Trainee: 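Sharing a structure here in structure tokens format.
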Amino acid sequence: MTDEHQSMETDLQLRGVMHKARGAPDTELQELQELGQQHYRAQEYQHALRYFTEALELGPRAPISILDNRAATYIKLENLDAALNDGRRMIQKEKLNCTGYLRTGQILQLYNNQKMALEIYEMGMRKVPNASSQFNKLKEVHNKLKLQLVQLNPVDILPFEIVEMIMKFLQFEEIVKLTRVSKSWRTLLVAMPSLWTDLDFVRARNPVKIETVRAYIKRANGNVTRAAVDKFGPTRDAVARCITSTCPALQELRMNGGYFSSSLLKNSPCSTSLKKLYASSQCRITIDTVSEIFRDCPNLENLEVHDVSPIPRQFREPLWSSLPHLHSLILKGGSADNSGCLDLGDLLAAIPNVRHLTIGTMEIYGHSPDPDFDTLHKLESLDVSSVDIYFPLKLPSSIHTLAIGKRQLISRSIECDASRLVRFSMPHGIEGSDARLLDILEANKGNLIYLHINSCISDDNLYRRFADEGYLVKVEELKLNDADADDELAIAIAKNCPALKRLSLADTRVSGVGVKAIVTALEGKLEYLNLDGCKHTSIDAVEWARSKGVRVAFSFADHRRGGKKIRER
């Protein structure tokens, strides 16, 4: 049958339906819709369109299903504009019916406007009652589309504020990588100044150019609050100066190499906002520069310098400005051979509210009267385990963490309320330390949670006494490296240290018997066990301990390779 003959037959059918249905409009609409559906199933879309259109022209009594049928027919005829118009009419006509939202969403997806389609589905889920027969279908297509979009490009469908909140959980280098995903990602991320306030270049694989740093500062609108300077090669110092001179809101600066110039923070716009400053052991800095940091940064709260160069005694002592907000200070010399000295008296007076103080690898002395740590009424932890002190050590009652060492320290008097100590370390054993250690542990018997004494004891029976008599009942971390410890002591530890989580028995005579006793008694509690250099321990015992969920360090020094360690697996 030709198209012309089929069109004539369609006209005759239409006139017949209209004639029969006079006075029965509902029947007429039903027959027109059924005829349109028959032609649709036969893929005769033009003829189906004529029946659906005729039915809709009968007036507002036409059900929404006819609009849906015609929209589907328009889709087949690739007339998406007309189909979308019918879809919108369906939503306007019956806002509580899922059909309009489903059809309109489908058409928008054909337009490749996935985001708008998702919004239509979401609007339908808000409007349509949950009890509706098609609500579950609407929810299903919504969830499916949303999952597809998230997998493809979440930044295109999520609100700007949500994307920004998510990105703030990422590390700086991860954000930088995301800018390379696509142009849209880069545009969006660059438009978020809050993502560029933390410039951390520590994990950069290649040297970072100063132009790149300037670009990141510009993205943050100059509001960089934290910067870690590293991987800059010969431009490292210039980069640090660029950051301190253009970022007035800078609160934390980490220098992982280079030379820390005394002029870096002088008259810098960030000097008053800076609260944390860290200079690694690869960053050279003199004690004079440290004193100038005190002067230039009055609001510092944390200061760490790991390669400070003290001055010889015959030179002028630095002047220390007061830092009332400083609560953590770490000053360490670059090496044990450092011949410089540090006069502690003025320094302690400049940090009245310090809570955590570490001074290492330098010679400490004081002019008369002797420096007194007791003036630091808020001091909670003190680490002077790697320095020489030539005056009595007086500690405030607030102290709860103490690390001491060296002959000069032990041979002098220590005035300390040891009953408050919860963490104690004396890693260097010397003659006469047994009595001092016993006094300290006796004062706070059973209160310690951390104890590091290594080979400090000349009387081997003291180790067993500490374990058997309740000194270590609350200890969570215990280090007895290079001690005269064997399986007997290991078994005593297993029986009397129920809170133990980390244990170090490196370079001791402990064998697999002791290892099994410790791991069995502390199963589920012990997290880490150091057995480096334990020649009596077999690899089978180590692997068994690892099978119980304990992280075990087990290696030996290879003297043929310059003392490098070979890890046994």
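The figures that follow rest on heavy atoms only: side chains count, while hydrogens, waters and symmetry mates do not. What you see is a predicted model; the values in this text were computed from it and never measured.
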Trainee: What distance do Phe466 atom CZ and Glu442 atom CD have between them, rounded to the nearest 0.5 Å?
Mentor: 9.0 Å
Trainee: Taking Asp383 for its side chain and Ser385 for its backbone only, find out whether a donor-acceptor pair lies under 3.5 Å.
Mentor: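 Checked: pair present.
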Trainee: Give a yes or no answer on whether the side chain of Trp196 reaches the backbone of Leu189 with a donor-acceptor pair at less than 3.5 Å.
Mentor: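 Yes, Trp196 side chain to Leu189 backbone: donor-acceptor pair under 3.5 Å.
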Trainee: With rounding to the nearest 0.5 Å, note down the distance linking CZ in Arg355 to CG in Asn302.
Mentor: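 Answer rounded to 0.5 Å: 10.0 Å.
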Trainee: Do any pairs count as a side chain to side chain donor-acceptor pair (under 3.5 Å) and have a residue in residues 498-507, sequence neighbours left out, and if so which ones?
Mentor: Asn481-Ser504, Ser504-Asn530
Trainee: Determine yes or no for a side-chain-to-main-chain donor-acceptor pair under 3.5 angstrom, with Thr246 supplying the side chain and Gly222 the backbone.
Mentor: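 Such a contact is absent between Thr246 side chain and Gly222 backbone.
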Trainee: Name every donor-acceptor pair, under 3.5 Å, that has one atom in a side chain of residues 269-278 and the other anywhere in the protein, sequence neighbours excluded.
Mentor:
{"unit_1": "Ser271", "atom_1": "OG", "unit_2": "Ser268", "atom_2": "O", "d": "2.9"}
{"unit_1": "Ser273", "atom_1": "OG", "unit_2": "Pro248", "atom_2": "O", "d": "2.9"}
{"unit_1": "Ser273", "atom_1": "OG", "unit_2": "Leu250", "atom_2": "O", "d": "2.7"}
{"unit_1": "Ser273", "atom_1": "OG", "unit_2": "Cys270", "atom_2": "O", "d": "3.0"}

Trainee: Atom CG of Leu500 and atom CD of Glu477: how far apart are they, to the nearest 0.5 Å?
Mentor: 9.0 Å
Trainee: With no hydrogens and no angle check, do the side chains of Ser281 and His306 hold a donor and an acceptor under 3.5 Å apart?
Mentor: no
Trainee: Could you walk me through whether Ile399 and Phe373 satisfy the side-chain contact (heavy atoms from CB on, under 4.5 Å) test, starting with their C-alpha distance in whole Å, then the side-chain angles of each, then the deciding distance to 0.1 Å, before giving a yes or no?
Mentor: CA-CA 10 Å; Ile399 200 83; Phe373 289 96; over 6 Å; no
Trainee: Does Ser555 offer a backbone N or O that forms a donor-acceptor pair with the side chain of Asp532 under 3.5 Å?
Mentor: yes
Trainee: Quick one: CD on Glu161 to CE on Met165, what's the gap to the nearest 0.5 Å?
Mentor: 9.5 Å
Trainee: Mind running side-chain contact (heavy atoms from CB on, under 4.5 Å) on Leu522 and Ile493 for me, showing each step along the way?
Mentor: CA-CA 10 Å; Leu522 299 172; Ile493 291 173; 5.6 Å; no
Trainee: Got a salt bridge between Arg203 and Asp230, using NZ or NE/NH1/NH2 to carboxylate O under 4.0 Å?
Mentor: no
Trainee: Looking only at non-hydrogen atoms, find the nearest pair between Pro298 and His325 and report the distance.
Mentor: O-CD2, 3.8 Å
Trainee: Quick check: closest heavy atoms across Lys474 and Gly446, and the distance to 0.1 Å?
Mentor: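 Heavy atoms of Lys474 and Gly446 come nearest at CD-O, 3.1 Å.
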Trainee: Are Val515 and Val510 packed together at the side-chain level, in the sense that at least one heavy-atom pair is separated by less than 4.5 angstrom?
Mentor: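 Heavy-atom side-chain distance check passes, below 4.5 Å.
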Trainee: Please say which of Thr508, Leu489, Leu451 ends up in a side-chain contact (heavy atoms from CB on, under 4.5 Å) with Leu480.
Mentor: Leu489
Trainee: Just so I know, are the side chains of Tyr450 and Thr401 near enough to count as touching, which here means a heavy-atom distance under 4.5 Å?
Mentor: no
Trainee: Any chance you could measure Ile217, atom CD1, to Thr197, atom OG1, to the nearest 0.5 Å?
Mentor: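 That separation rounds to 12.0 Å.
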Trainee: Please report the closest heavy-atom contact between Val202 and Asn256, naming both atoms and the distance.
Mentor: CG2-ND2, 3.6 Å
Trainee: Which pairs pass salt bridge (Lys or Arg N to Asp or Glu O under 4.0 Å) with one or both residues in residues 251-262, sequence neighbours excluded?
Mentor: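 Listed once each, the pairs are Arg226-Glu252, Glu252-Arg254.
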Trainee: Does NZ or CZ of Lys445 fall inside the cone over Tyr471's six-membered ring, less than 6.0 Å from its centre and within 45° of the axis?
Mentor: yes
Trainee: What residues form a side chain to side chain contact (heavy atoms under 4.5 Å, CB included) with Leu170, not counting sequence neighbours?
Mentor: Met167, Glu174, Ile175, Leu178
Trainee: First locate atom CD1 of Ile285, then atom CG of Asp307, and finally report the distance between them rounded to the nearest 0.5 Å.
Mentor: 9.0 Å
Trainee: What heavy-atom pair brings Leu329 and Val354 nearest, and what distance separates the two atoms?
Mentor: N-CG2, 4.2 Å
Trainee: Before giving the answer on side-chain contact (heavy atoms from CB on, under 4.5 Å), spell out for Val229 and Val213 the whole-Å C-alpha distance, their side-chain angles and the decisive distance to 0.1 Å.
Mentor: CA-CA 10 Å; Val229 180; Val213 177; over 6 Å; no
Trainee: Which heavy atom in Asp200 sits nearest to a heavy atom in Phe172, and how many Å separate them?
Mentor: O-CD2, 3.2 Å
Trainee: Taking Leu265's backbone N and O only, do any of them form a donor-acceptor pair with Thr244's side chain (distance below 3.5 Å, no angle check)?
Mentor: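 Between the backbone of Leu265 and the side chain of Thr244 there is no qualifying donor-acceptor contact (under 3.5 Å).
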Trainee: Sub-3.5 Å donor-acceptor pair from the side chain of Ser263 to the main-chain atoms of Lys266, do we have one?
Mentor: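 Not at all, since once roles are kept as given, no pair shorter than 3.5 Å links the two residues.
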Trainee: Would you check if Leu357 and Leu348 make a side-chain contact, meaning some heavy-atom pair closer than 4.5 Å?
Mentor: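 The answer is yes, as the side chains (C-beta and beyond) meet within the 4.5 Å cut-off.
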Trainee: Sequence neighbours left out, what passes ring-ring contact (aromatic ring centres under 6.0 Å, His included) with Phe424? Give chain and number order.
Mentor: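 Per chain and number, Phe424 pairs via ring-ring contact (aromatic ring centres under 6.0 Å, His included) with no residue.
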Trainee: Mark yes or no for whether Ser398, through its side chain, and Leu379, through its backbone, hold a donor-acceptor pair below 3.5 Å.
Mentor: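 Pair found, side chain donor or acceptor close to backbone of Leu379.
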Trainee: Check ring-ring contact (aromatic ring centres under 6.0 Å, His included) between Phe294 and all other residues, then give those that pass, not counting sequence neighbours.
Mentor: Trp320
Trainee: I'd like to know whether Arg423 forms a side-chain contact (heavy atoms from CB on, under 4.5 Å) with Ile449, so could you lay out the CA-CA distance, the side-chain angles of the two residues, the decisive distance to 0.1 Å, and finally the verdict.
Mentor: CA-CA 6 Å; Arg423 299 175 64 88; Ile449 62 171; 4.2 Å; yes
Trainee: Side chains of Asp346 and Leu319, heavy atoms from C-beta outward: is any pair under 4.5 Å?
Mentor: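 Sidechains of Leu319 and Asp346: no contact.
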Trainee: Mind checking whether Ile359 and Leu344 have side chains closer than 4.5 Å, heavy atoms only?
Mentor: yes
Trainee: Kindly indicate whether the side chain of Lys332, heavy atoms from C-beta on, has any atom under 4.5 Å from the side chain of Ile330.
Mentor: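 In contact.
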Trainee: Nearest heavy-atom pair of Leu323 and Pro352: which atoms, and what distance?
Mentor: O-CD, 4.3 Å
Trainee: Do Leu472 and Leu478 make a side-chain contact, defined as non-hydrogen atoms from C-beta onward lying under 4.5 Å apart?
Mentor: yes
Trainee: Are any side-chain N or O atoms of Asn221 and backbone N or O atoms of Asn223, one a donor and one an acceptor, separated by less than 3.5 Å?
Mentor: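 It does not hold such a pair.
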